[in-house]
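On a predicted model such as this, the values are computed, not experimentally measured, just so you know. Numbers here are sequence positions counted from 1. Atoms considered below: every heavy atom in the structure, side chains included; atoms not considered: hydrogens, waters and symmetry mates. We count ligands from 1, going down the list as the structure has it; atoms in each ligand are counted the same way.
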Amino acid sequence: MNAPIRILIHGASGRMGQALLRLASERTDLEVIAAVSRKVESRVIDGVPRFAANELSGVPEFDVAIDFSLPEGFDGILAACLSRRAGLVSGTTGLSAAQQDALASAATEIPVVWSANYSLGVAVLNDLVERAASALAGWDCDIVESHHVHKKDAPSGTALALGASAERGGAQPRYASIRAGDIVGEHLVQFAALGERVELVHRATSRDIFARGALHAASRLTGRPAGRYRLRDLLD
Ligand SMILES: NC(=O)C1=CN([C@@H]2O[C@H](COP(=O)(O)OP(=O)(O)OC[C@H]3O[C@@H](n4cnc5c(N)ncnc54)[C@H](OP(=O)(O)O)[C@@H]3O)[C@@H](O)[C@H]2O)C=CC1
Ligand SMILES: O=C(O)C1=N[C@H](C(=O)O)C[C@H](O)C1
């Protein structure tokens, strides 16, 4: 049997981090060797060593980092992956253009994947939106995203990715954002013309869909040569 893939989870105390830790603990092919958050209160929880973000240089060797943190934490984990020659799976949204450029440049040295949404449903929705936009030339295109009240970035990363798909199909999307209650994530792409409307919608009801997708991507990224991979390159 192969040795487990050594995973570092960055943003471990957050909503996504907790889902990742729980689901990773159910897999025998993955071993979480470090759980990193901005601050730490206990050194070990459920057998997993905890580190603060400013202690990244002292974490044990790892094969791939899974990052669901915030833009202010992204530069640190990217630097740690580069210095350890480890892969990076990132789902952090709201990155600046400079951070996206840094990711592209890191991909010349390590394998990386960044996706605004690790669910299979949204991967399919992106394809549907591009096809609809191209078939419905001249229709109004609006993207409405709804999320929980704690979400900081708007429009969501997924809304922007869906907008890019719509643009590839020739549409010029407009965006609207709703922050309410504990909504995990909903994305509506609406095409409207006189007398008719087409609506494509994805509703996430559990963060486990994103966490499973990211763990799958991490297992598929490990051992690959340096490069910027798309999520679809790593899906079955
Ligand atoms: N691509 C996808 O499929 C998905 C992406 N996301 C994105 O993932 C990110 C996290 O979301 P969510 O879990 O809800 O957020 P939370 O606010 O619940 O968690 C954020 C985590 O990041 C940590 N953090 C904050 N600042 C830093 C820093 N400077 N350095 C290191 N770690 C830091 C926090 O640590 P502490 O608690 O100590 O402050 C916490 O562990 C967001 O960008 C969100 O948009 C979310 C869901 C799906
Ligand atoms: O912050 C979240 O919660 C989510 N963020 C991602 C985004 O910005 O698109 C993905 C998902 O919708 C949940």
Which residue and atom name correspond to the protein heavy atom nearest [atom], and how close is it?
{"atom": "atom 45 (O) of ligand 1", "answer": "Thr93 OG1, 2.5 Å"}
{"atom": "atom 14 (O) of ligand 1", "answer": "Arg15 NE, 3.0 Å"}
{"atom": "atom 5 (C) of ligand 1", "answer": "Gly91 O, 3.0 Å"}
{"atom": "atom 8 (O) of ligand 1", "answer": "Phe68 CD2, 3.5 Å"}
{"atom": "atom 25 (C) of ligand 1", "answer": "Leu70 CD1, 3.8 Å"}
{"atom": "atom 9 (C) of ligand 1", "answer": "Ser69 O, 2.9 Å"}

So if I count the atoms of ligand 1 from 1 in the order they appear, which ones are less than 4.0 Å from some heavy atom of [X]?
{"X": "Ala12", "result": "41 (O)"}
{"X": "Thr92", "result": "43 (O)"}
{"X": "Glu72", "result": "29 (N)"}
{"X": "Ala53", "result": "30 (N), 31 (C)"}
{"X": "Met16", "result": "13 (O), 46 (C), 47 (C)"}
{"X": "Gly11", "result": "21 (C), 22 (O), 23 (C), 41 (O)"}
{"X": "Ser13", "result": "34 (C), 35 (O), 36 (P), 37 (O), 38 (O), 40 (C), 41 (O)"}
{"X": "Lys151", "result": "45 (O)"}

Taking [X] for its side chain and [Y] for its backbone only, find out whether a donor-acceptor pair lies under 3.5 Å.
{"X": "Ser115", "Y": "Asn117", "value": "yes"}
{"X": "Thr92", "Y": "Pro71", "value": "no"}
{"X": "Ser37", "Y": "Ser13", "value": "no"}

(message) Any carboxylate oxygen within less than 4.0 angstrom of a Lys/Arg side-chain nitrogen, looking at Arg6 and Glu61?
(response) no

(message) Check this for me, if you would: do Lys39 and Glu55 make a salt bridge, where the nitrogen-to-carboxylate-oxygen distance has to be below 4.0 angstrom?
(response) no

(request) Go through the structure and list residues passing salt bridge (Lys or Arg N to Asp or Glu O under 4.0 Å) with Asp127, not counting sequence neighbours. (result) Arg232

(request) Using salt bridge (Lys or Arg N to Asp or Glu O under 4.0 Å) as the criterion, list what pairs up with Glu31, not counting sequence neighbours. (result) none

Please check if the number of heavy atoms outside [X] that lie under 6.0 Å from its [atom1] is greater than 12.
{"X": "Arg197", "atom1": "CZ", "value": "no"}
{"X": "Arg203", "atom1": "CZ", "value": "no"}
{"X": "Arg131", "atom1": "CZ", "value": "no"}

(message) Quick test of your reading: applying salt bridge (charged side-chain N to carboxylate O under 4.0 Å, His left out), list the pairs with at least one residue in residues 206-218, sequence neighbours left out, ordered by first then second residue.
(response) Arg22-Asp208

(message) Among His187, His147, Lys151, exactly one meets side chain to side chain donor-acceptor pair (under 3.5 Å) together with Ser156. Which residue is that?
(response) His187

Quick one: table the atom pairs, ligand 2 N or O against protein N or O, below 3.5 Å, distance rounded to 0.1 Å.
residue, atom, partner, partner atom, Å
ligand 2, 1 (O), Lys151, NZ, 2.9
ligand 2, 3 (O), His148, NE2, 2.9
ligand 2, 5 (N), Lys151, NZ, 3.1
ligand 2, 8 (O), Lys151, NZ, 2.7
ligand 2, 8 (O), Gly157, N, 2.9
ligand 2, 9 (O), Gly157, N, 3.4
ligand 2, 9 (O), Thr158, N, 2.8
ligand 2, 9 (O), Thr158, OG1, 2.5
ligand 2, 12 (O), His147, NE2, 2.6

(message) Among Phe74, Tyr118, Phe210, which residue satisfies the ring-ring contact (aromatic ring centres under 6.0 Å, His included) criterion with Phe68?
(response) Tyr118

(request) Have a look at Gly14, Gly213, Gly73 and point out the one with the heavy atom closest to atom 28 (C) of ligand 1. (result) Gly73

(message) If the contact criterion is a heavy-atom separation under 4.0 Å, does Gln18 count as touching ligand 1?
(response) no

